[in-house]
Amino acid sequence: MLNVEWLKQQFQTHFSKQPQVIVRAPGRINLIGEHTDYNQGLVLPMAINRYVWMAGSSRSDHRIIAHSFDFQNQAEFSLENNIPARSGMWIEYIAGIANSFIQQGFAIQGADIFFAGEVPIGAGLSSSAALEMATARMLSALWNIPWHGPTMAKLGQQAENQWVGVNCGIMDQMISACGKSNHALFLDCKDLVMLQVPFPSSIAVVVLDTSTRRDLSQSNYNTRREECLETAQKCKVLSLRELSIAQFEHLRPNLSDVLQKRGRHVISENQRVLEAVEALRSNDPIMLGKLLNQSHQSLRDDFEVCNDALNTMAIQAQQLGCYGARMTGAGFGGCCIALVEAAQAESFVEQVHQQYAQATGLTPKIYICHSVNGAEKLT
Ligand code: GLA
């Protein structure tokens, strides 16, 4: 795990001076509410104790010079030349945030930046949102811009949509900016009304990385978005969020098979999020687990975003006596989560590791996680 002292040293090595500010922003899991955010729906993510850490100092010119520890390279751009052509590199997340800040009218100047990440890349744990929110936290701190989580999350989403070119929803940036330790975030993506829901320390959140990967920009993610929009249009509503299960049942016969499935997933998933919040409030992990299992089934059969590895992992976990397990994030590869009685987490991890490796020939990476605060300034 990374820490402040190490970041200070690294920054000193690369820039021959001390950093002024150190920040970090977390990755996330989503307990439930998948592919609902861009349908104006409900989500229940949790920020996890895996961060992008960043050290920085202001510069008197307009250059941003950034060094990535994980990629072992350095890149830069000038804020004056309206930032560079798209390179497809990690620097675009930083440039995208800088660009969103400028568009928003925030007065920023140059900065020297060093960063390193603990969020596995491309695993569905939102390493990109963590980098965006760490950058936003850094620029806010260096240039005295008041930190307001939802505003920063929107700037992050804008950077990702318009700059990086991924048409994501708002969930990942919101949880990386607004997470709270020992809580999951119940978020209504229609109006960004949020509620922190206490999450019991007796339940471990186990992240099960299948070691299969997807690339969001090349995946079917955008196709799913379009299908959802088309379903809403055919049902004559602005978004699928507007429909209850009963209303959708009534409209369903007018839709193609595929659109029926896509709509059914989103609408039933919104309902499951409400029930999951209720299960947490009434301290009912068994109910919560059942909802996770149902969510996985719906994502597998109706939304069709699970590869074989995700299905194998989820089913094995479910059979090993956890409360519930499902894929998390966009899908098409990446991670599952399982909710496990904390005292049994270690032995659960061992068993699932062994069974998954045996069944697939892949080596999974498994992390026992807990919920943490969103983006924060450490020094
Ligand atoms: C990705 C996107 C999110 C959300 C999830 C699916 O993580 O970035 O906005 O759509 O997929 O729930």
Side-chain angles (χ1 to χ4, degrees), residues 25-48 50 52 93 96 119-133 150 152-179 184-190 192 194 207 209 213-229 232 239-241 262 265-270 272-273 276 291-292 295-296 298-300 302-307 310 326-337:
R28 62 105 189 87
I29 54 99
N30 186 17
L31 283 174
I32 197 161
E34 217 64 88
H35 289 276
T36 49
D37 62 348
Y38 54 82
N39 290 299
Q40 312 277 298
L42 308 173
V43 293
L44 189 62
M46 182 187 269
I48 55 170
R50 300 213 135 231
V52 169
Y93 292 98
V119 190
I121 293 171
L125 300 176
S126 291
S127 57
S128 51
L131 175 55
E132 287 156 16
M133 290 303 99
M152 297 299 165
K154 281 192 216 161
L155 293 182
Q157 186 196 18
Q158 183 188 324
E160 188 124 11
N161 291 173
Q162 295 172 11
W163 193 267
V164 180
V166 177
N167 212 8
C168 65
I170 189 75
M171 168 172 72
D172 304 342
Q173 289 79 9
M174 277 296 285
I175 184 64
S176 186
C178 305
L185 180 74
F186 174 43
L187 174 68
D188 185 335
C189 298
K190 188 174 177 185
L192 297 194
M194 51 183 166
V207 176
D209 186 343
R213 291 289 179 265
R214 47 93 204 171
D215 176 353
L216 210 54
S217 49
Q218 286 163 22
S219 72
N220 296 317
Y221 184 85
N222 286 349
T223 315
R224 291 293 180 280
R225 278 195 79 136
E226 284 155 21
E227 288 165 348
C228 289
L229 193 63
S239 71
L240 289 175
R241 158 61 185 277
R262 305 299 187 250
H265 166 71
V266 172
I267 294 163
S268 63
E269 185 80 348
N270 279 332
R272 282 188 287 273
V273 175
L291 291 162
L292 260 67
S295 170
H296 185 84
S298 177
L299 286 154
R300 183 191 64 199
D302 280 349
F303 216 64
E304 297 178 288
V305 289
C306 299
N307 64 359
L310 285 169
R326 66 175 205 89
M327 58 146 278
T328 195
F332 311 108
C335 293
C336 288
I337 51 161

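In this chain, residues are counted from 1 in sequence order. Counting convention: from 1, in listed order, for ligands and their atoms alike.
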If you measure from each heavy atom of Gln173 to ligand 1, is any distance below 4.0 Å?
no
Taking every non-hydrogen atom, the tightest pair across [X] and [Y]:
X: Leu192; Y: Met174; result: CD1-SD, 4.1 Å
X: Cys168; Y: Gln157; result: O-NE2, 3.2 Å
X: Ala123; Y: Asp209; result: CB-OD2, 3.8 Å
X: Met46; Y: Ala184; result: CE-CB, 4.3 Å
X: Pro120; Y: Arg213; result: CB-NH2, 4.3 Å

Quick check: [X] and ligand 1, any N/O pair under 3.5 Å apart?
X: Glu34; answer: yes
X: Ser126; answer: no
X: Asn30; answer: no

Which of the atoms in ligand 1, numbered in the order shown and given with their element, are less than 4.0 Å from a heavy-atom of [X]?
X: Tyr38; value: 10 (O)
X: Ala330; value: 1 (C), 11 (O)
X: Met171; value: 4 (C), 5 (C), 12 (O)
X: Cys168; value: 2 (C), 8 (O), 9 (O)
X: Gly169; value: 9 (O)
X: Arg28; value: 7 (O)

So between Asp172, Asp37, Val166, whose heavy atom ends up nearest atom 7 (O) of ligand 1?
Asp172
Which option out of Phe332, Phe303, Tyr221 puts a heavy atom nearest to atom 2 (C) of ligand 1?
Tyr221
For His296, the ring-ring contact (aromatic ring centres under 6.0 Å, His included) test, sequence neighbours excluded, returns none
Does Arg225 use its side chain to pair, donor to acceptor, with the backbone of Asn167 at less than 3.5 Å?
yes
Can you sort out the partners of Glu34 under side chain to side chain donor-acceptor pair (under 3.5 Å), two or more places apart, ordered by chain and number?
Asn30, Arg326
Which bit of Glu160 gets closer than 4.0 Å to ligand 1, counting heavy atoms only: side chain, backbone, both or neither?
neither
Quick check on side-chain contact (heavy atoms from CB on, under 4.5 Å): which of Ser126, Pro26, Ser127 does Ser176 satisfy it with?
Pro26
